[in-house]
*Asks:* 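Handing you a structure now.
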There are 2 protein chains.
Amino acid sequence: MDWNFSSARMAEESHRQDSAYLLIFIMLLTLTILTIWLFKHRRFRFLHETGLAMIYGLLVGVILRFGIHVPQSTSDVVLECAVNASPATLLVTFDPEVFFNILLPPIIFHAGYSLKRRHFFRNIGSILTYAFMGTVISCFVIGLLMYGVVSFMKVVGQLGGDFFFTDCLFFGAIVSATDPVTVLAIFNELKVDVDLYALLFGESVLNDAVAIVLSSSIVAYQPTGDNSHSFEAMAVLKSFGIFLGVFSGSFALGMATGVMTALISFYFTKLRDFPLLETGLFFLMSWSTFLLAEACGMTGVVAVLFCGMTQAHYTYNNLSRDSQDRTKQLFELLNFLAENFIFSYMGLTLFSFQSHVFNPMFIIGAFLAVFLGRAANIYPLSFLLNLGRRNKIGMNFQHVMMFAGLRGAMTFALSIRDTATYARQMMFSTTLLIVFFTVWICGGGTTPMLSFMSIPVGVDSDQEHSVSN
Amino acid sequence: MDWNFSSARMAEESHRQDSAYLLIFIMLLTLTILTIWLFKHRRFRFLHETGLAMIYGLLVGVILRFGIHVPQSTSDVVLECAVNASPATLLVTFDPEVFFNILLPPIIFHAGYSLKRRHFFRNIGSILTYAFMGTVISCFVIGLLMYGVVSFMKVVGQLGGDFFFTDCLFFGAIVSATDPVTVLAIFNELKVDVDLYALLFGESVLNDAVAIVLSSSIVAYQPTGDNSHSFEAMAVLKSFGIFLGVFSGSFALGMATGVMTALISFYFTKLRDFPLLETGLFFLMSWSTFLLAEACGMTGVVAVLFCGMTQAHYTYNNLSRDSQDRTKQLFELLNFLAENFIFSYMGLTLFSFQSHVFNPMFIIGAFLAVFLGRAANIYPLSFLLNLGRRNKIGMNFQHVMMFAGLRGAMTFALSIRDTATYARQMMFSTTLLIVFFTVWICGGGTTPMLSFMSIPVGVDSDQEHSVSN
């Protein structure tokens, strides 16, 4: 063999390390599953599985960070394997693109695929308003507030590096994406009012798409030179153009592959006799949406969302009963695994990430800004919407929507994607705290909040022949 | 942003290329699925889906190789996206480790999980004999014959580089792994005699494990210096020790995680109420086998095989009905996708791989050696086994076993893993041809062969409560 022996050794060593790292996560997920089961069994609802995954991740992070010298004495095979690596490399890291290309797509697809369609379309106007206008409002409110905070920090000498206005806007964009996971799982279990469910779910699914395109437009707007971080009308217009182009392009691509799958499953009706082939086709077409969008410079995650919605709307009805179950179960499983992986990774990074910048002033400012941004989204827009809606959105609904604006997987994935500069590192650390806080406090408080707001629970979703539930 | 703009551009460009490449495969798989459906619909059995995937791969390989200038005129979005890349990089390649770490595990796990247990254990002695002794015999027969061929080539000046005895043995090991896929799909559909099925399936599943450990032991034996390629007793003994250690280690690990899953599913019986959690747990535990084995320096693929067998034997019976279906369907789908991916990639590499070494003398020698190696495995061992068996293995069964020794995914994955030297390149090219030939000719000829050998077809597998089928 022509291989350099030592380099082959190193490659093998690094492969073994990768395996050990992945193994840690799989053990975490296994633990999470067993504990969730215990919780479900005991009907304990204050902590959702994602919150649990985060706690386990946190614990492992603490062990890896502070307990490196301990494991030698334990007889645990797994840790022994991992400990063969030098302590410096023990801080488990993944390429951030893994989140975007492997973990987010199934989550977002599943969200689109399991939208309760009838109630979704009944509230489509309000949902689009919250998702588009609301996210943009939230982004700019948070961006402006943070610019104030950052400017103040500069004056009092608390700022350790550059933090431009575009950074503030970027921060506003990434923390404006609410998470469709935690609260909705609780809503689903409690059978909360279907309209409230549709509003929250629809908003949180779509604003993920808006936030991702918004943030990438802001990055595209951001000039590369350091001295030209001023605000220019032309550049803003260009960003807006990018936003529209990428969003509508991804939308069109997602719809197109969804419709194509629907047509194939419609014309090849005999495919129904072979659920494996049908499911395979469905899976491949949905995946190809993502790849097609990425290959054409659009946003795969957004395309996948609309593909999922189209598949649920058209293809689902052409599938055999068996394939309907199979696809539902498959994407449910993928979603479950990806979601819990992301959340346990989140827990882990709080201690394992090496370049954290925790700035109390920035953190307090960010929490306030996130709160105000959400308020500026929900209350004024609800007021405007109520002018036109027959079925008004009550104040108690508005408070729940305000409260249930959790930040989750998308916010995390967007903030870990680039942690090269001081500004991005501070954003990342702060974002982590925001996610932790909202998932644990707001997520855990949802059930009490619902009863406090006297929102009807146990409503039957009028036997809709729907994908979800 | 601190990023170098052009490097970010390049990273994005390469990401788009990757997406386009993957997209090509997904299109291929989609095409394959639609055509398979057509074949199944028309009850056309001469070409199995894997053979079909290979043909489509071949076609795309030809287009990529010779038709680079053509696509400009087509309106196909996909190809246009791909063509943005420079023609030199258009030869789609994957890291060979992808085959080992992502594509093989589900295939092998599925094989283990779907072993028809009763008939498997009834024939366990014969299966182990074919799989262990047979593979070793085949490996050495092929190795020795190829050493003769290579020595002859050297004499007549046909050899363009080094080709040592260990290379010959390595070649013998990798082409001794028969493929559980193609023929068995046909057998399953035709409901061929269950004992013949068990013998062939059991052998081909287990000899994959033997071949992979055998080949890596041979590589470990191979000295690094060029002048010491002689045969040494100590080194052979060491290889044998490695073989035993890795094999039994992987076996034990696979069994252990399988049993652990079974225990969890047994003690946490209430887990049955949550099929998603149950399926997730099953999936994670099975995956962790692979990672655990790799992290501990064993062979993940082998561990996964025994894990699958254990899961089928113990865990499967503890699962809820719903999870039994889910796990079966999930691994069926993963297996289907991975298998067809490998076979279409195989078709593609025939034209896209850049360092092919096609040597007619070596190829003819290899085909002969493979044939003789298989014969030296089946006929003498069957004779010996028949001395002890009550239920004799008839000559017609032996001929079918001889004929049905297809080479497939494992042989390909082992041969593409290292194509650095002249010897390995020649092996790779020859292996490809062997796979093509056996899959198309032997695979396609199975149905006529069965009727020619007057082997009963349409036998009902006495309603066994089994995982497969």
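What you see below is based on every heavy atom in this structure, not just the backbone, and it leaves out hydrogens, waters and symmetry mates. Only a predicted model underlies this, so the values are computations on that prediction, with no experimental measurement involved. Throughout, a chain's letter reflects where its sequence line sits, starting with A, and its residues are numbered from 1.
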*Asks:* Which atom pair, heavy atoms only, marks the closest approach of Phe283(A) to Leu337(B)?
*Replies:*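 Scanning both residues, the minimum pair turns out to be CD2-CD1, 3.5 Å.
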*Asks:* Answer with side chain, backbone, both or neither: which region of Asn340(B) has an atom nearer than 4.5 Å to a non-hydrogen atom of chain A?
*Replies:*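 No part of it gets close to chain A.
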*Asks:* Name all residues meeting the side chain to side chain donor-acceptor pair (under 3.5 Å) criterion together with Glu278(B); count only those two or more places apart in sequence or in a different chain, and write none if there are none.
*Replies:*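 Applying side chain to side chain donor-acceptor pair (under 3.5 Å) to Glu278(B) gives Ser320(B), Ser323(B).
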*Asks:* Determine whether Phe274(B) and Ile36(A) satisfy the following criterion, side-chain contact (heavy atoms from CB on, under 4.5 Å), listing intermediate values before the conclusion.
*Replies:* CA-CA 10 Å; Phe274(B) 308 100; Ile36(A) 296 167; over 6 Å; no
*Asks:* I need the Gln329(A) CD to Leu276(B) CG distance, nearest 0.5 Å.
*Replies:*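 Result: 9.0 Å between the selected atoms.
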*Asks:* Give every residue pair that meets the side chain to side chain donor-acceptor pair (under 3.5 Å) criterion with at least one member in residues 279-291 of chain B, sequence neighbours excluded.
*Replies:*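 Side chain to side chain donor-acceptor pair (under 3.5 Å) check on residues 279-291 of chain B returns Thr257(B)-Thr289(B), Ser286(B)-Gln311(B).
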*Asks:* Is Leu330(B) in contact with chain A via its backbone, its side chain, both, or neither, using a 4.5 Å heavy-atom distance?
*Replies:*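 Looking at Leu330(B), just its side chain touches chain A.
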*Asks:* Looking only at non-hydrogen atoms, find the nearest pair between Leu284(A) and Ile33(B) and report the distance.
*Replies:*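 Looks like CD1-CD1, 3.7 Å.
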*Asks:* Taking all heavy atoms of Leu291(A) and all of Ile26(B), pick out the closest pair and write down the distance.
*Replies:*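 For Leu291(A) and Ile26(B), the tightest heavy-atom pair comes out as CD1-CD1, 3.4 Å.
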*Asks:* Before you tell me yes or no, could you show the steps for Met27(B) and Met285(A) under side-chain contact (heavy atoms from CB on, under 4.5 Å), namely the whole-Å CA-CA distance, both residues' side-chain angles and the distance that decides it to 0.1 Å?
*Replies:* CA-CA 8 Å; Met27(B) 293 291 153; Met285(A) 291 297 290; 5.9 Å; no
*Asks:* Minimum heavy-atom separation for Glu294(B) and Ser19(A), please, with both atom names.
*Replies:*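 Minimum heavy-atom separation between Glu294(B) and Ser19(A): CB-OG, 3.4 Å.
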*Asks:* Please look at Asp322(B) and chain A and tell me whether the side chain, the backbone, both or neither of the residue comes under 4.5 angstrom of a heavy atom of that chain.
*Replies:*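 Just the side chain, heavy atoms under 4.5 Å.
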*Asks:* Is the shortest heavy-atom distance from the side chain of Trp37(A) to the side chain of Leu281(B) under 4.5 Å?
*Replies:*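 Trp37(A) vs Leu281(B): side chains apart.
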